[in-house]
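Each chain gets a letter, A, B and so on, in the order the sequences are listed, and its residues count up from 1.
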Protein chains: 2
Amino acid sequence: MTRALTSAERALDMLREAILRGELPAGARLGEVELAERLGVSRTPVREALSRLAAEGLVQLVPNRGARVATWTVDELEGVFELRALIEPQLTALAVPQATVADVDELDAVAHEMQRIGAPGPGQDLDALVPLNRTFHDRLVTLAGHPALAAALAGVVHPPIVVRNFHAYDEASLRRSLAHHVEIVAALRAGDPEWARAVMTAHIRNARAVMVRAAAANVLDLGPARPASRTRAENRVLAPEKSWHPRETEHPRETEHPREKETP
Amino acid sequence: MTRALTSAERALDMLREAILRGELPAGARLGEVELAERLGVSRTPVREALSRLAAEGLVQLVPNRGARVATWTVDELEGVFELRALIEPQLTALAVPQATVADVDELDAVAHEMQRIGAPGPGQDLDALVPLNRTFHDRLVTLAGHPALAAALAGVVHPPIVVRNFHAYDEASLRRSLAHHVEIVAALRAGDPEWARAVMTAHIRNARAVMVRAAAANVLDLGPARPASRTRAENRVLAPEKSWHPRETEHPRETEHPREKETP
DNA sequence: CTCTCCGAGATTGCATGCAACGTAGGGCTG
DNA sequence: CAGCCCTACGTTGCATGCAATCTCGGAGAG
């Protein structure tokens with residue numbers, strides 16, 4: 001039987017998921033009391049969760065000034081992609097001899113499902129690609145049977161997940177990206193580690209190029225620039241209110257005080 | 001002026017240093033009240049520090065059962081070395097065009113000092129190598145000007161620092177290791193990134209081999225094995241008592257209750 | 001009109017108290 | 001004598017209260 005989670009753990013999981021899913025946008029202020037009320041606990045476990053998220057790099061914590069969802073500069077994101085480009089191809093190569101037929105079939109299904117959903121046309125659903133993509137990479141990385149490396153990767157790969165905007169992909173890049181998945185599956189079936197490694201390298205460098213271009217065009221939501229003079233607008237409200245009631249609190253506050261919105 | 005640190009930050013820094021310096025051995029139990037007394041604060045900031053260290057992977061935190069200094073399996077340590085072998089050569093290569101003459105001179109001094117201190121004979125002081133080694137690698141990694149990658153590396157490199165036992169090196173491996181440092185400096189001076197990358201790769205794989213061999217011989221202090229049935233001996237006392245009074249507490253406890261010692 | 005200073009309100013940092021959980025030891029039963 | 005349960009103790013998890021710090025509005029001087 002799996003041990004009951006503590007309040008702090010629940011808070012940690014929910015906050016992390018909310019950040020990774022983009023419900024808490026980069027730069028959003030994380031007030032302790034507000035989060036505590038939402039989660040139905042006191043400030044103590046919330047503080048603990050924020051500390052741990054800060055250590056994970058998902059939250060920036062400034063003493064006496066509170067916590068906000070971490071923001072990333074383009075340079076930092078490039079660094080992350082560099083790191084992925086070093087690690088993931090290696091893990092992919094290691095996964096090749098480990099993968100069973102069932103494993104490969106599963107990845108195959110995910111890869112083709114992604115191609116279906118990502119195909120241009122009325123059925124296209126770019127947001128649905130995000131969890132599938134996460135699944136694909138997670139499975140592959142796990143297959144390598146190298147938990148320490150995988151953990152290291154996961155600890156660093158968070159930022160780009162936040163900026164996991166498939167909307168930033170142009171038509172050609174998206175097609176390439178989805179084709180890479182399928183090709184990696186083919187390499188797995190063929191039992192060719194170097195093939196798999198090469199495709200994964202291309203896959204990540206393709207993604208990196210998309211990110212860089214999107215950043216240049218200011219398409220990515222990186223949050224307020226790091227050393228920016230704090231503008232009034234940093235106080236934008238947390239999240240789409242409706243998607244965030246992890247516990248039914250009996251707080252029918254009449255109208256959330258509507259703070260000011262984006263800078264023009 | 002640098003902002004004053006909070007109690008939790010002080011606790012975090014002292015705990016991390018104590019763990020990295022080996023004063024708190026792997027597997028040591030970390031009682032909240034005991035740490036709080038030592039640091040002269042209440043349990044709250046201690047708990048916060050432990051949470052963050054847990055997120056960093058230096059501490060294992062089990063709900064309702066307390067915290068202990070993290071232990072690592074040989075597999076995990078190998079994973080860390082694999083990761084270093086992927087990242088550090090890359091950072092070293094990047095550092096080559098960035099390094100100024102002054103930078104290289106400094107690294108040169110460190111490398112030669114290490115050779116002097118590590119040379120066999122009466123002047124040899126293996127423990128003094130540890131901080132110098134840390135300095136050398138930190139400087140080099142910083143020079144690459146790639147903070148994100150460097151941070152990722154630092155977040156993962158902790159475990160081997162704990163097992164930073166230069167005593168595990170045999171004569172030949174140690175000589176090689178120290179020679180590598182000097183050779184890397186030479187590559188920096190020559191402005192040859194590929195040379196530097198290659199030597200760093202060799203350097204890390206050499207260290208990895210030492211670690212694996214030492215682990216096989218059970219020389220490394222990895223702490224109690226991970227899934228081990230908890231033996232009574234896990235309760236061994238924290239640290240060499242004398243080296244650990246970061247604040248003079250007025251607790252002249254007559255005799256620390258002498259718990260039982262190692263398993264035979 | 002702009003800049004500086006100041007104070008009320010809001011928020012965080014930390015200490016403390018209490019309840020819940022885990023652990024260890026002793027007595028009872030088979 | 002071995003094995004089990006039950007109780008007492010120690011430790012952790014969380015809530016709450018208070019002091020310290022920060023934010024932000026406005027008043028006043030230049």
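- Under the side-chain contact (heavy atoms from CB on, under 4.5 Å) criterion, A:D127 pairs with A:D125, A:H167, sequence neighbours left out.
- Atom-to-atom, CG of B:L30 to C1' of D:dG13 comes out at 17 Å; the value is rounded to the nearest Å.
- Distance, B:L5 CG to C:dC14 P: 10 Å, rounded to whole Å.
- Across the protein-nucleic acid pair, B:E9 atom CD and C:dG13 atom C1' stand 11 Å apart, rounded to whole Å.
- In this entry the distance linking CD of B:E34 with P of D:dG10 reads 15 Å, nearest Å.
- The side chain of A:S7 lies closest to D:dC14, out of D:dC14, D:dT23, C:dC14.
- Here the side chain of B:R65 is nearest to one of C:dG22, C:dG13, D:dC22, namely C:dG22.
- Between the P atom of C:dT16 and the CD atom of B:E37 lies a distance of 12 Å, rounded to the nearest Å.
- The CZ-C1' distance, from B:R47 to D:dA15, rounds to 12 Å in whole Å.
- With C:dG22, C:dT12, D:dT23 as the candidates, the nucleotide lying closest to the side chain of A:E32 is C:dT12.
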Close N/O contacts between protein and nucleotides 19-21 of chain C (under 3.5 Å):
from	atom 1	to	atom 2	distance (Å)
C:dC21	O3'	B:N64	ND2	3.4

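- B:N64 pairs by the side chain to side chain donor-acceptor pair (under 3.5 Å) definition with nothing, not counting sequence neighbours.
- Every residue two or more places apart in sequence or in another chain was checked for a ring-ring contact (aromatic ring centres under 6.0 Å, His included) with B:H146, and none qualifies.
- Mapped onto DNA chain D by nearest heavy atom, B:G66 and A:T44 fall at different nucleotides, with B:G66 at the one closer to the 5' end.
- Between B:V46 and B:A36, the shortest heavy-atom contact is CG2-CA, 3.7 Å.
- Shown here are the side chain to side chain donor-acceptor pair (under 3.5 Å) partners of A:E32, two or more places apart in sequence or in another chain: A:R43, A:R47.
- Considering only side-chain atoms of B:S42, the nucleotide from C:dC14, C:dT23, D:dT23 that sits closest is C:dC14.
- When distances are taken from the side chain of A:T6 to each of D:dG13, C:dT16, D:dT16, the shortest belongs to D:dG13.
- A straight line from CG of A:L39 to C1' of D:dC14 spans 14 Å, rounded to a whole angstrom.
- A salt bridge links A:R38 to A:E34: at least one charged side-chain nitrogen sits closer than 4.0 Å to a carboxylate oxygen.
- Residues passing the side chain to side chain donor-acceptor pair (under 3.5 Å) test with A:D138: none are found, sequence neighbours excluded.
- Put simply, CZ on B:R68 is 13 Å from C1' on C:dT23, counting in whole angstrom units.
- For A:P45, taking side-chain heavy atoms from C-beta onward, the closest of the listed nucleotides C:dT12, D:dC14, D:dG13 is D:dC14.
- Comparing B:R43 and B:A8 along DNA chain C, the residue whose closest nucleotide (by nearest heavy atom) sits nearer the 5' end is B:A8.
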